[in-house]
Each structure stands twice: as structure tokens, then as C-alpha cells.
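Numbers here are sequence positions counted from 1.
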Amino acid sequence: MSATVSFPVPSAHGPRTVTLSYARAGTGEPLLLLHGIGHHRQAWDPVVHLLSVERDVISVDLPGFGDSPALPDGLRHDLPTMNAALGALCEALEIERPHVAGNSLGGLLALELGREKRARSVTALSPAGFWTEAERRYAFGVLQGMRAVARRTPLPLVERLSRTAAGRTVLTSTIYARPGRRSPEAVVAETLALARATAFEETLRAGIDVRFTDDIPNIPVTVAWGAKDRLLIPRQGVRAKQTVPQARLVRLPGCGHVPMNDDPALVARVILDGSR
């Protein structure tokens, strides 16, 4: 079941109240799951039941995505603010230094939490921030195109396309290597989530100059990359390994940019192994 939590986050003009939507399941050490730009916490649904056997799993809608409202006036959708907001979220939920796993933007945020010693371990699936400028421009262009299509396509057409494997391929093959495996209901929901994401443009603008360049010593770090990632190409994983030399670099065969649905068992195993 989903819930909401509100908490203060510092700003230049005093504390601002941030509200986030989340779902929680399972028992064990806490594991925070962070989705990518334009997505929502349901991106993790294919693996939650596998993870929750061994972990207290908290999947979050980031500010301005899914069911979470955008950040209030005075707070920017940038990395420092997101770090502060996620740290405050953990305090509000009484989960001290959780394991953190993230995909794409969420992978970058997970690495940031690890760098700031706010995570017990980090698993980053195709994380943002290891691109060249040309690769970043390409990825941002693809994301903007996906957003435009999601906003322009009438809901009845999205629903009709979602009913066939070919239609689901049209809608989601940029992020899934096996789009036919995605359920029609999930495809409709994530298309709407992309179309309605109130923080999409500001979050994308904040990422223009972002590069992850720091090592993360003293905590376990796993970087995993889908071998068929068409958005952030897999060679970026090599740069991640060069940046964080002690990280475990894992190849995800047959997986795209959002690998949780392409191979749930493999992704769950990578996350659990990385958070021992």
C-alpha cells in the first residue's frame, strides 16, 4: 500500500515542507529504491516481492514524479536539494543509513547518498552522470522526445497500443529490451506518469552540467548496466568503474535501460548480493 510522508527541508529562505509518496513492504535491513526521470516507483514492482523477502523495501516517488508533488518554492530540483530531501525522508521514516538502489537518475542519487555516507551500500543500475557531452545530449534528446510523445498521444490510443506486444514495443522499447513482457496496465500507467511529471523539465535542466567524479570508499558499491541499454550506452559503466575503482561492475545480459522488468530475478539477485 502507498502512503505519504511530509518533512522539512532547509532552503535559503527557511525550511520548506516536502511531501513524498512511497510504498513499503517486507522485513529486514532497510532498502530504499529510487526510480529514473519521468518514471515512478512502480518501475520497481517486478522486483519488490523478491527483495522484500530479505529487506524492508521502501520505493519512493521522487519529487514531481508519480504521486509526489513537485518541490515547493525555494527548493530546486538539483542534486544538493535531492540529497537533503532524501536524507530528511530517511529521518522521517526512521531508517538510518539504508541500503540504496537506484536506476538512471535514481542511480545517480544513490551514488550521491553513498558519497555523503548516507547509505550502507549502493546499487546503481545504469546511473546517470558518467556520460560524455555528446552522450548526454543524445540521452536528453531521447528523453525529451519520449516526453513529447507521451503528452501528445491520446489516452485511448495508449490503451489500445498497450494491449499488444507490438504496441508496447512502440511505447516502451527505448527503455526496455523486452517490452512485450511489460503488462498493458503498467505501460499505460508509466506513459501517464511521464506525461504528467511536473518536475521533468526542471530536473532535466539541472542535469546538464552533472558529472559524477568522486570515489566512494568504505561502502559496498555495485554498478550494473543493461547490455542492451539504448539510452545510456553500456560503455559508460567502464567510466563508472574507473571513477569508483572498488565498485563491482555487473553486466545485465538481455536487459535495457530499465532492467527490473527485463530480468527481475537477475536484478533482485544483484541488489541483494550488493547489499549484504
Side-chain angles (χ1 to χ4, degrees), residues 31-52 55 57-62 65-66 82 86 98-115 119-131 135 139 142-143 172-179 181-182 186 190 203 207 210 212 216 219-241 243-244 247-276:
L31 169 64
L32 183 65
L33 301 179
L34 306 174
H35 62 76
I37 188 170
H39 227 147
H40 55 176
R41 68 177 184 271
Q42 288 85 351
W44 295 98
D45 282 356
V47 298
V48 165
H49 69 288
L50 298 170
L51 298 172
S52 61
R55 299 285 181 272
V57 180
I58 304 102
S59 51
V60 180
D61 280 328
L62 295 173
F65 300 100
M82 291 304 305
L86 291 171
H99 301 287
V100 185
N103 174 223
S104 196
L105 167 64
L108 172 61
L109 295 174
L111 290 165
E112 285 282 331
L113 290 173
R115 184 178 61 82
R120 303 185 200 192
S121 71
V122 171
T123 303
L125 309 175
S126 295
F130 296 101
W131 43 46
E135 290 165 352
V142 171
L143 289 166
T172 65
S173 62
T174 305
I175 60 172
Y176 297 119
R178 297 160 175 162
R181 293 185 177 184
R182 200 77 174 122
E190 62 193 351
T203 301
V210 167
F212 193 89
I216 306 176
I219 69 167
V221 176
T222 298
V223 176
W225 227 283
K228 296 185 176 181
D229 193 330
R230 297 173 57 191
L231 186 65
L232 298 180
I233 52 180
R235 65 171 173 252
Q236 295 175 36
V238 176
R239 294 189 202 117
K241 173 67 172 174
T243 303
V244 188
R248 180 178 64 130
L249 180 60
V250 179
R251 183 176 180 268
L252 304 175
C255 291
H257 182 64
V258 181
M260 296 83 81
N261 195 81
D262 287 329
D263 195 335
L266 174 60
V267 170
R269 187 165 68 248
V270 168
I271 293 173
L272 291 172
D273 287 348
S275 60
R276 299 293 179 195

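Heavy atoms only, all atoms of each residue included: Val60 and His35 are closest at O-CD2, 3.1 Å. A pairwise comparison of heavy atoms in Gly226 and Pro234 identifies O-CG, 3.4 Å as the closest pair. Nearest heavy atom pair, residue Leu125 against residue Pro259, reads CD1-CG, 4.0 Å. Residue Ala227 comes nearest to Pro253 through the heavy atom pair CB-CA, 4.1 Å, listed as atom of the first residue, atom of the second, then distance.
Side-chain atoms of Trp44 never come within 3.5 Å of backbone atoms of Ile58 as a donor-acceptor pair (strictly under, hydrogens ignored). Of the possible polar contacts, one joining the Asp262 side chain to the Ala177 backbone as a donor-acceptor pair under 3.5 Å is found. Proximity of a side-chain donor or acceptor of Arg120 to a complementary backbone N or O of His99 within less than 3.5 Å is not detected. Not a single donor-acceptor pair under 3.5 Å links the side chain of Arg239 to the backbone N or O of Arg235.
Proximity of Ser126 to Ser104: side-chain heavy atoms (C-beta onward) are nowhere separated by under 4.5 Å. Inter-residue side-chain proximity for Trp225 and Val223 is flagged as met; some heavy-atom pair is nearer than 4.5 Å. Within the 4.5 Å cutoff, the side chain of Asp229 has no heavy atoms near those of the Val258 side chain.
With sequence neighbours excluded, the residues forming a salt bridge (charged side-chain N to carboxylate O under 4.0 Å, His left out) with Arg41 are Asp61, Asp67, listed by chain and number. Take Thr172 and apply the side chain to side chain donor-acceptor pair (under 3.5 Å) test, not counting sequence neighbours, and it matches no residue.
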